[in-house]
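Structure first, commentary second.
Convention: sequence-line order gives letters A, B, ...; per-chain numbering from 1.
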There are 2 protein chains.
Amino acid sequence: MWLKYIVNTYSFMTEHEMNTEQKILDAAKEVFQQKGMTGARMQEIADKAGINKALLHYYYRTKDKLFEKVFELAFSLFIPKVKEMMISDKPVFEKIEFFVENYLNLLQKHPYIPGFVISELNRNPEILVKIIGKNIQLKENNLLEKLERQISEEVVKGIIKPISAENLLTNVISLCLFPIVAKPILRGVLFENDEKMYEAFLEQRRDFVKEYIINSIKA
Amino acid sequence: MWLKYIVNTYSFMTEHEMNTEQKILDAAKEVFQQKGMTGARMQEIADKAGINKALLHYYYRTKDKLFEKVFELAFSLFIPKVKEMMISDKPVFEKIEFFVENYLNLLQKHPYIPGFVISELNRNPEILVKIIGKNIQLKENNLLEKLERQISEEVVKGIIKPISAENLLTNVISLCLFPIVAKPILRGVLFENDEKMYEAFLEQRRDFVKEYIINSIKA
DNA sequence: ACTATCTTTGACCAGATGGTTAAAACAAAT
DNA sequence: ATTTGTTTTAACCATCTGGTCAAAGATAGT
């Protein structure tokens, strides 16, 4: 209890001295992301965390609770950048540049999260409902309407072509995320599973996507 | 044995008289797609097929073998249209129109397959290797080079702007597939989980995507 | 030193799960 | 009717899996 309090408050410990809870979350994240909720084994998570299975259940009473926590942490990670972009007062082009750049960086750091989230959401869409409260929807903040208005303004000014906020957002996210999520397929179909070529392809797409989207809506 | 031969050759039976093998494949497809390889239960597949679990193992000795078959059938379904488009001699714009239209139709018929394939491929990328032989890669037929050449020609003619075949193909596939694969997320983020609104959104995107891509590469 | 609370462990359990087996039911050929 | 080969079933099994429990270690406050 004391240990937990100190760690959570000052976080002065090194990675090797991490408290049990964090070790569990790290291990669970790894196992769940690789094998999915149904494929993951509590024993494997305990082993990877270097602890006993009973201790695992002591911290997170059930597999479901542990999974929910891991899923929520993973999901949350990818929301702020979307909001940040939508909220900012930059012109549309800069918003797109900002978003694509930052999202692709985030993806490079956590390449397995989107696939994990999509997989599990496909298996059980209701998980999302529980997280909705903690990760405010765009609509609630009128962020979509804001983007819509902004687009209209720039259309009137003759800067960009008309496009709905939903379509623009969907396009941007699709073009960023899909090549990561469907990596095994695209790598196989386009580059005969050559990992290095695919990495180069992704690297090349960083600038390509930015320019592609901006040009596509430029008036 | 006799029954199988007759059915496979003449297929004169109605859906209710289907042979056991087909009933198994249908049931397995449903269960595997909804719960994934690790989440699926042989018992549930047997129940859904209206047969005994032992009979299930009689036809497909192991869960893995059954899964492989189902996965292969699902994956194969989405390859021909890509090939057909790449092989055809139509101009690029028509190719895109043809592909988007046909792919979105296919997706409407089988909306769960892409998510299923991506999920399982994420869990175990090696499955794809086994299927590669049966679903010829684009490279082997020089289909990518062919598209690349075609693009170059039309660029020279001043019809389209320069773009690599890989990038174009990736964009088209991403814009078609991602909104289906990530449906639970986008539906939540954009439309507060309103299913009807999302369906309308997808319907609207049928034409939108076609025009968007074509305009984006129009010289 | 003693107590109270929190953390960790080894042993254990009930139910689920993939898979097997031996025998019965069936269908076709002779 | 008998034989031969295929299809289907009920009963069974070894193993795995999420979860529990009682007891032992730690840790801090008195």
Gap between atoms [atom1] and [atom2], on [X] and [N] respectively (whole Å):
| X | N | atom1 | atom2 | result |
| --- | --- | --- | --- | --- |
| B/Ile51 | D/dA10 | CD1 | P | 12 Å |
| B/Lys65 | C/dG19 | NZ | P | 10 Å |
| B/Leu55 | C/dG18 | CG | P | 16 Å |
| B/Ile24 | D/dT8 | CD1 | C1' | 11 Å |
| B/Leu56 | D/dT9 | CG | P | 12 Å |
| B/Leu66 | C/dT17 | CG | C1' | 15 Å |

May I ask you to evaluate whether B/Tyr58 reaches the phosphate of D/dT7, defined as a side-chain N or O under 4.0 Å from OP1 or OP2?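 Yes.
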Would you say C/dT8 has OP1 or OP2 under 4.0 Å from some side-chain N or O of A/Tyr59?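 Yes, because at least one side-chain N or O of A/Tyr59 sits under 4.0 Å from OP1 or OP2 of C/dT8.
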Counting only heavy atoms and a strict 4.0 angstrom limit, can you tell me which residues of residues 29-46 of chain B come near DNA chain C?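 The stretch gives B/Ala40, B/Arg41, B/Met42 as the residues lying under 4.0 Å from the strand, ordered by number.
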Inspect the contact between [Y] and [X] and indicate whether a charged nitrogen and a carboxylate oxygen are less than 4.0 angstrom apart.
| X | Y | answer |
| --- | --- | --- |
| B/Lys90 | B/Glu84 | no |
| A/Asp26 | A/Lys23 | no |
| A/Lys69 | A/Glu72 | no |
| B/Lys183 | B/Glu199 | yes |

Heavy-atom protein contacts under 4.0 Å, nucleotides 20-26 of chain D, coded B base, S sugar-phosphate only, - none: BB-----
Would you call the rings of B/Phe201 and B/Phe191 parallel, tilted or perpendicular, taking 30° and 60° as the class edges?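 Because their plane-to-plane angle lies in the 30° to 60° range, the rings of B/Phe201 and B/Phe191 count as tilted.
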Is it the case that the side chain of B/Asn19 and the backbone of B/Gln22 share a donor-acceptor pair, with hydrogens and angles ignored and the cut-off at 3.5 Å?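 Present.
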For B/Met86 against B/Lys146, the heavy-atom pair lying closest together: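 Heavy atoms of B/Met86 and B/Lys146 come nearest at O-CD, 4.0 Å.
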Those residues that, when tested against B/Glu94, pass salt bridge (charged side-chain N to carboxylate O under 4.0 Å, His left out) (two or more places apart):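 Checked B/Glu94 against salt bridge (charged side-chain N to carboxylate O under 4.0 Å, His left out); zero matches.
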Indicate whether the side chain of B/Gln43 and that of B/Asp47 have a donor and an acceptor atom separated by less than 3.5 Å.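 Checked: B/Gln43/B/Asp47 side chains pair up, N/O donor to acceptor below 3.5 Å.
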